[in-house]
Amino acid sequence: MAATKTIGVLALQGDFREHVASLKAIGATTALVRRPADLDAVDALVVPGGESTAMWKLATTAELFVPARKRIADGMPAFGTCAGMIMLADRITDAAAGQETFGGLPITVRRNAFGRQTESFEEPIGFDGIGELTGVFIRAPWVEELDEGVEVLARVTSGPAIGRIVAVRQGNLLATSFHPELTADHRVHEYFVAMVNDRDAA
């Protein structure tokens, strides 16, 4: 699926290269976002997995934090995975001291909800509108609360965390606890690119 718009990938920290590879695999036009001028040149933004507190601090240092928050508030499509979900959430449980987010999604997330790096795992996930896919969870958050109007796209289907929300969408914003960029299945990226293009066509 070829995108008609440029998808920016926040490239300050985390697995941004994997997102670029996934997007290019489906024919999307991509650009790395490291400074405000880069953000001005894109139509949508992917916020990758990584470390949410480091991402927040680096975005602030790069003078990207406020412009990104404003673009998202103004309706720019954005897709966050793992730490990216935290960065798009309005509220964080167990946040680091002073931690801020880009916001936009009226949800509460819990950082590292599934445990430490050594407790990383993969499991099948049923994703509304896509079907079954493999969820890769690495120090992942989950959604503890969500406001009215937020669509739940996926939940954990087995184990001690059964029922926990791991993918949500509201309007132009999409977020997953897991890492679709770390698999060869690009359907979640296709879903996001379709969101961007559908918005353009509206």
Q.
Ignoring hydrogens, what is the shortest heavy-atom contact between Arg91 and Pro106? Give both atom names and the distance.
A. NH2-O, 3.5 Å
Q | Any side-chain heavy-atom pair of Leu146 and Ile165 under 4.5 Å | A | yes
Q) When rounded to the nearest 0.5 angstrom, what is the spacing between CZ in Phe192 and CG in Leu45? A) 7.5 Å
Q. Of the non-hydrogen atoms in Gly75 and Asn172, which two are nearest, and what is the gap between them?
A. O-ND2, 3.0 Å
Q: Going by the side chain to side chain contact (heavy atoms under 4.5 Å, CB included) test, name the single residue among Thr81, Val109, Ile72, Thr101 that passes it with Leu88.
A: Ile72
Q. Less than 4.5 Å apart, any side-chain heavy atom of Val152 and any of Val143?
A. no
Q: Look up atom OG1 in Thr176 and atom CG in Leu133, then write down how far apart they are to the nearest 0.5 Å.
A: 9.0 Å
Q.
Can you confirm whether Met76 sits close enough to Lys70 that some side-chain heavy atom of one is under 4.5 Å from a side-chain heavy atom of the other?
A. no
Q. So, are Asp38 and Arg35 salt-bridged, with charged N and O less than 4.0 Å apart?
A. yes
Q: Using atom types as modelled and distance alone, determine if a side-chain donor or acceptor of Asp43 lies under 3.5 Å from a backbone N or O of Thr6.
A: yes
Q | Any side-chain heavy-atom pair of Phe16 and Arg34 under 4.5 Å | A | yes
**Q.** Straight-line distance of Lys57 NZ to Glu51 CD, nearest 0.5 Å
**A.** 8.0 Å
Q. What are the two closest non-hydrogen atoms of Gly126 and Ala154, and how far apart are they?
A. O-CB, 3.5 Å
Q) Would you call Phe65 and Met87 a side-chain contact if the rule is heavy atoms closer than 4.5 Å? A) yes
**Q.** 4.5 Å side-chain heavy-atom contact, Ile86 and Gln99
**A.** yes
**Q.** Candidates Val150, Leu153, Asp128 - the one meeting side chain to side chain contact (heavy atoms under 4.5 Å, CB included) with Arg169
**A.** Leu153
Q. Is there a donor-acceptor pair under 3.5 Å between the side chain of Arg187 and the backbone N or O of Glu132?
A. yes
Q) Where do Glu63 and Pro36 come nearest, in terms of heavy atoms and distance? A) O-CG, 3.1 Å
Q) Atom CZ of Arg139 and atom CZ of Arg111: how far apart are they, to the nearest 0.5 Å? A) 8.0 Å
Q | pair Phe79-Ile7: side-chain heavy atoms closer than 4.5 Å | A | no
Q | Taking every non-hydrogen atom, the tightest pair across Phe137 and Ser177 | A | CE2-CB, 4.1 Å
Q.
Would the distance check show the side chain of Arg110 and the main-chain N or O of Thr93 forming a donor-acceptor pair, the cut-off being under 3.5 Å?
A. no
Q: Quick one: do Glu18 and His179 satisfy side-chain contact (heavy atoms from CB on, under 4.5 Å)? Show the steps, please.
A: CA-CA 10 Å; Glu18 289 82 356; His179 292 268; over 6 Å; no
Q: Could you grab the distance from atom OG1 of Thr53 to atom CD of Gln13, nearest 0.5 Å is fine?
A: 8.0 Å
Q: Check the angle between the aromatic planes of Phe127 and Phe178 and answer parallel, tilted or perpendicular using the 30° and 60° thresholds.
A: perpendicular
Q. Can you tell me how far the CD atom of Glu181 sits from the CZ atom of Arg17, to the nearest 0.5 Å?
A. 13.0 Å
(Q) If I compare all heavy atoms of Leu105 with all of Ala175, which pair ends up nearest, and what's the gap? (A) CD1-CB, 3.7 Å
Q: Apply the side chain to side chain contact (heavy atoms under 4.5 Å, CB included) test between Val46 and each candidate in Thr30, Leu23, Val20, Leu174; give the one that qualifies.
A: Leu23
Q) Under 4.5 Å between any side-chain heavy atoms of Lys24 and His186, yes or no? A) no
Q. Where the side chain of Asp90 meets the backbone of Ile107, is there a donor-acceptor pair that is under 3.5 Å apart?
A. no
